[in-house]
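The structure appears right after this line, and notes come after that.
Order of the sequence lines sets the chain letters (A, B, ...), proteins ahead of strands, with each chain counted from 1.
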Amino acid sequence: QEKVQQSPESLIVPEGAMSSLNCTFSNSASQSIWWYQQHPGKGPEALISIFSNGNKKEGRLTVYLNRASLHVSLHIRDSQPSDSAVYLCAVSMASGGNYKPTFGKGTSLVVHP
Amino acid sequence: AQTIHQWPVAEIKAVGSPLSLGCTIKGKSSPNLYWYWQATGGTLQQLFYSITVGQVESVVQLNLSASRPKDDQFILSTEKLLLSHSGFYLCAWSPGQGGIAETLYFGSGTRLTVL
């Protein structure tokens, strides 16, 4: 069964700084990695995905995937207080019916003004 | 645009009492539907999924049941609540197109406290 570990558990950064979040997974055959953002008392919201080795950039977000080391990272440039939330890494195989990603426990990000 | 509405926002219930939670998805026909549970400090755990009306598959046994009476509606229920049922319940949908780009769209959740 897929195992997903996220680090650090919590991260505090000043406004304007780069926030870097990490996720390792256990199954090298996993094909899809999504990052979700979850604000307190709300459901997670899909942020960015990556499917192949390398990096992907969307606005202030950059995600890096290294399949050889089973590692994916999310970097938030120019972090804002509104970015304060829990970030969840979700890893899955290609869906063919029940889409059942394995979620990590999350990284709690606090961006202070 | 698709919207997902989940109800109620929060519930405080006694052990042994019944429970019914629901969600409705608008703007998407024949979505895959899911119930997730998130214990405080825990990971998201899939409880049920449904690919079509009237068909629901159980993923984890937690003395809960689910039904999909309409294409756009998903219900989670139990006749007798346990203390261990406390947590955050999330309804979600996915397009059901398969492949690696599938993703989940979550509702706002229901906070359940069992006393």
Side-chain angles (χ1 to χ4, degrees), chain A residues 1-7 9-10 23-53 56 58 63 65 67 72 85-108, chain B residues 2-10 21 23 25 30-52 55-60 66 68 87-113:
Chain A
Q1 185 174 343
E2 178 80 77
K3 286 182 170 53
V4 177
Q5 305 262 26
Q6 290 188 242
S7 64
E9 282 188 19
S10 62
C23 173
T24 57
F25 52 98
S26 60
N27 187 350
S28 60
S30 290
Q31 297 172 287
S32 166
I33 295 101
W34 279 91
W35 286 92
Y36 290 79
Q37 179 191 57
Q38 186 175 20
H39 285 106
K42 300 293 183 186
E45 182 178 344
L47 275 183
I48 189 169
S49 61
I50 190 162
F51 309 129
S52 54
N53 245 3
K56 179 179 178 182
E58 286 184 1
V63 59
L65 172 60
R67 287 196 180 281
V72 60
V86 173
Y87 289 79
L88 303 171
C89 175
V91 179
S92 68
M93 305 289 286
S95 169
N98 177 21
Y99 174 59
K100 189 171 180 285
T102 301
F103 285 87
K105 278 195 166 186
T107 291
S108 175
Chain B
Q2 301 86 9
T3 59
I4 177 169
H5 173 60
Q6 205 174 327
W7 73 90
V9 172
L21 307 179
C23 76
I25 293 85
S30 304
N32 286 2
L33 297 178
Y34 309 85
W35 279 109
Y36 275 82
W37 175 67
Q38 191 176 34
T40 302
T43 55
L44 276 166
Q45 191 170 14
Q46 192 184 96
L47 302 177
F48 298 93
Y49 73 93
S50 171
I51 294 174
T52 190
Q55 289 188 11
V56 177
E57 300 295 330
S58 173
V59 177
V60 174
R68 185 172 179 176
F88 195 45
Y89 288 84
L90 290 153
C91 180
W93 70 273
S94 72
Q97 293 161 348
I100 61 175
E102 192 84 353
T103 191
L104 292 166
Y105 300 92
F106 288 91
S108 292
T110 296
R111 173 72 58 190
L112 174 65
T113 304

I'd like to know whether CD of B:Gln2 has more than 12 heavy-atom contacts from other residues, nucleotides or ligands below 6.0 angstrom.
yes

Answer yes or no: are there more than 12 heavy-atom neighbours, outside A:Lys56 itself, under 6.0 Å from its atom NZ?
yes

Beyond-backbone contact of A:Gln38 with B:Phe88, side-chain heavy atoms, under 4.5 angstrom:
yes

Is the backbone of A:Asn98 close enough, under 3.5 Å, to the side chain of B:Tyr49 for a donor and an acceptor to pair up by distance?
no

First locate atom OH of A:Tyr36, then atom CG of B:Leu44, and finally report the distance between them rounded to the nearest 0.5 Å.
9.5 Å

Drop me the distance from A:Lys100's NZ to B:Tyr36's OH, to the nearest 0.5 angstrom.
7.5 Å

Looking at A:Ala46, A:Ala90, A:Pro101, A:Pro44, which makes the most heavy-atom pairs under 4.5 Å with chain B?
A:Pro44

Top residue by heavy-atom pair count (under 4.5 Å) with chain B, among A:Ser49, A:Gly41, A:Ser108?
A:Gly41

Side chain, backbone, both or neither of B:Gln38 within contact of chain A (heavy atoms, under 4.5 Å)
side chain

At a heavy-atom separation under 4.5 Å, does B:Val9 approach chain A through its side chain, its backbone, both, or neither?
neither

Top contributor to chain A contacts, counting heavy-atom pairs under 4.5 Å, from B:Leu104, B:Leu90, B:Thr43:
B:Leu104

So what's closer than 4.5 Å to chain B heavy atoms on A:Glu45: side chain, backbone, both or neither?
neither

